[in-house]
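Let me begin by presenting the structure, written as structure tokens, before commenting on it.
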2 protein chains.
Amino acid sequence: MTKPRAAETRKRTRIQKENEDRILEAALDIFSTFGFRGATIDQIANAAGMSKPNLLYYFRTKEAIHQVLIDTLLDNWLDPLRELNPDGDPLAELQSYIRRKLELARDYPRESRLFANEMLQGAPRIQEELRDLKALVDEKAAVIEQWIKDGKMARCNPHHLIFSIWATTQHYADFDVQVCAILAEEESIERRFSDAAKTLEQLFVHGLKISTK
Amino acid sequence: MTKPRAAETRKRTRIQKENEDRILEAALDIFSTFGFRGATIDQIANAAGMSKPNLLYYFRTKEAIHQVLIDTLLDNWLDPLRELNPDGDPLAELQSYIRRKLELARDYPRESRLFANEMLQGAPRIQEELRDLKALVDEKAAVIEQWIKDGKMARCNPHHLIFSIWATTQHYADFDVQVCAILAEEESIERRFSDAAKTLEQLFVHGLKISTK
DNA sequence: AGTAAAATTGACCTGTTGGTAAATATTACA
DNA sequence: TGTAATATTTACCAACAGGTCAATTTTACT
């Protein structure tokens, strides 16, 4: 015990807490932009307003920082799916799920990009988390399957439906540059968000066919 | 002219052509997985079965390789959108667009990931290409808008519709690890693809509402 | 076969990167 | 106020990265 690392001790100091938060905040910026290998500790330390050795006093390795980010990310990220209520109205439930995912993409784009980066690289650091994810998705897919069997919504493949919801919503975080480049620049983020929400609702509920109502 | 670099000379040798192809092939692997900053020349050279200096004999810098990949990528990538025919049947045109994009995701996942990596990092190296992209998208969005005005398809925001098509199809390339982890492992790529195609058609055309036909 | 151009390599250089060691400064708390 | 634990910094290291150079081998062509 010659070197009682801050992160290891039981009680966390005020300074410790503050600095760890600053580091994680900065690391989220850098990792989400450059990916794990593309990010450097120097960059993160700099963004956190801190010297590199000082940063390494709080997190022993680059991996350690990344791990914490990924872990906390996944928790929040899956909350909307967890809340899908089997007893609610199917279309309303799905619409609210879509909306909540879209809000996450709007409010936490860096988290989305961090996750996307990890996926692009083949998810080398989150194999076990993917297993938990599968369990949750399978569970909710069963819920959707039941809805379909009960004749409450159109037949479709529940897993792929979930993929489509993920894809369309996260797109606004992950491909934000592209979205902004293509939409007129004067479009505010609020406008983009509400247009996206309206379009997704239209698509997922009614599709593109002329409705005969 | 003391050093007539291979890539600069008019006539391309057999060896030159072969090696450039091998390098680009290897670079696509590495860049698409690790992103620009995460990829190293050593990795690429190694994957191409070639020494680093030899690789640098064909491409002067890491950027040069990346640039070629991005340029050729964008061309092929946008072909399906270019072919959207204003005089065709709207829903059939869009369905065939979706299918072609899905085929691209299946057959050229690395290209998709390369592009995704660039987007995640804020598209630092493809600003001007994004402008061309905007022009094309605006043009096709106008086509869709006309279809809507003609009462041939349901009202929606054409730009966001295109985003949704991109998102859902590319998802199968970019998030392949996740998709595979969540679907049962025994599912073949053909099965995944056909399930995805069917689901997307259902979604984009009919939506999830119970159809009354 | 001879030769000039093209291709390849090993050795090297410079800057960067993840991480360490030891010394110093600061804080919390009795 | 003293002091032990905590926090921070300076100086450093070894490995790696992008890229160059000069020398050597291979190829294409007469």
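Here is the naming used below: chain letters follow the sequence lines, and residue numbers restart at 1 for every chain. Hydrogens, waters and symmetry mates are skipped; everything else that's a heavy atom, side chains included, is used.
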Handout entry: OP1 or OP2 of dA7(C) under 4.0 Å from side-chain N/O of Q16(B)
Key = yes
Handout entry: Enclosure of F193(A) CZ (heavy-atom neighbours >12, cutoff 6.0 Å)
Key = yes
Handout entry: Separation of dT10(D) P from M50(A) CE (nearest whole Å)
Key = 14 Å
Problem - Of the listed nucleotides dA7(C), dA7(D), dT17(C), the one nearest the side chain of Y58(A) - result: dA7(D)
Handout entry: Residue pair R113(B) / T33(B), side-chain heavy-atom distance below 4.5 Å
Key = no
Between protein and nucleotides 22-25 of chain C, what N or O pairs are separated by less than 3.5 Å?
none

Completion exercise
Winner on side-chain proximity to T40(A), out of dT27(C), dT17(C), dG19(D), is dT17(C)
Completion exercise
To the nearest 0.5 Å, atom CD of E20(B) lies from atom CD1 of I65(B) at 10.5 Å
Practice task
Examine dT8(D): is either OP1 or OP2 under 4.0 Å from a nitrogen or oxygen in the side chain of N19(A)? Give yes or no.
Solution key: yes
Exercise for the section: Could you tell me whether the phosphate oxygens of dT8(D), OP1 or OP2, come under 4.0 Å of any side-chain nitrogen or oxygen in S51(A)? Expected result: no
Handout entry: Test item: side-chain donor near acceptor, D176(B) and H171(B), under 3.5 Å
Key = no
Practice task
Tell me whether the OP1 or OP2 atom of dA7(D) has a side-chain N or O from Y57(A) closer than 4.0 Å.
Solution key: yes
Handout entry: Listed once per pair and sorted, the salt bridge (charged side-chain N to carboxylate O under 4.0 Å, His left out) pairs that draw on residues 25-49 of chain B, sequence neighbours left out
Key = E25(B)-R110(B), D29(B)-R110(B), D42(B)-K52(B)
Exercise for the section: Give one of base, sugar-phosphate or nothing for A39(A), where a contact means two heavy atoms less than 4.0 Å apart. Expected result: sugar-phosphate
Completion exercise
Between CZ of F34(A) and P of dA17(D) the distance, given in whole Å, is 18 Å
Handout entry: Residues that D79(A) engages under salt bridge (charged side-chain N to carboxylate O under 4.0 Å, His left out), provided they are two or more places apart
Key = R82(A)
Problem - Atom pair distance, as rounded to whole Å: CG in L55(A) and P in dA7(D) - result: 14 Å
Problem - Between dT8(D) (C1') and E20(A) (CD): distance, integer Å - result: 15 Å
Problem - Closest-nucleotide ordering on DNA chain D, the 5'-leading residue of I15(B) and T61(B) - result: T61(B)
Problem - Basic-acidic side-chain contact under 4.0 Å: K17(B), D21(B) - result: no
Practice task
For I41(A) and for R14(B), locate the closest nucleotide of DNA chain C by heavy-atom distance; then report the residue assigned to the nucleotide nearer the 5' terminus.
Solution key: R14(B)
Completion exercise
Residue pair R37(A)/K52(A) against DNA chain D: nearer the 5' end by closest nucleotide is K52(A)
Problem - dA7(D) OP1/OP2 closer than 4.0 Å to side-chain N/O of T13(A) - result: yes
Practice task
Measure from NZ on K17(B) to P on dA28(D) and round the result to the nearest Å.
Solution key: 15 Å
Handout entry: Value in whole Å for how far the P atom of dT8(D) lies from CD of E18(A)
Key = 9 Å
Practice task
Would you mind reading off the distance between L56(A) atom CG and dA7(D) atom P, rounded to a whole angstrom?
Solution key: 15 Å
Handout entry: Which nucleotide in dT10(D), dG19(D), dT9(C) has an atom nearest any side-chain atom of P53(A)
Key = dT10(D)
Problem - Distance, rounded to the nearest Å, where D42(B) contributes CG and dT9(C) contributes C1' - result: 14 Å
Practice task
Considering only NZ, NE, NH1 and NH2 on the basic side and carboxylate oxygens on the acidic side, decide whether E83(B) and R100(B) come within less than 4.0 Å.
Solution key: yes
Handout entry: Donor-acceptor pair under 3.5 Å, K62(B) side chain vs dG19(D) base
Key = no
Problem - N54(A) vs dA7(D): side-chain N/O to OP1/OP2 distance below 4.0 Å - result: no
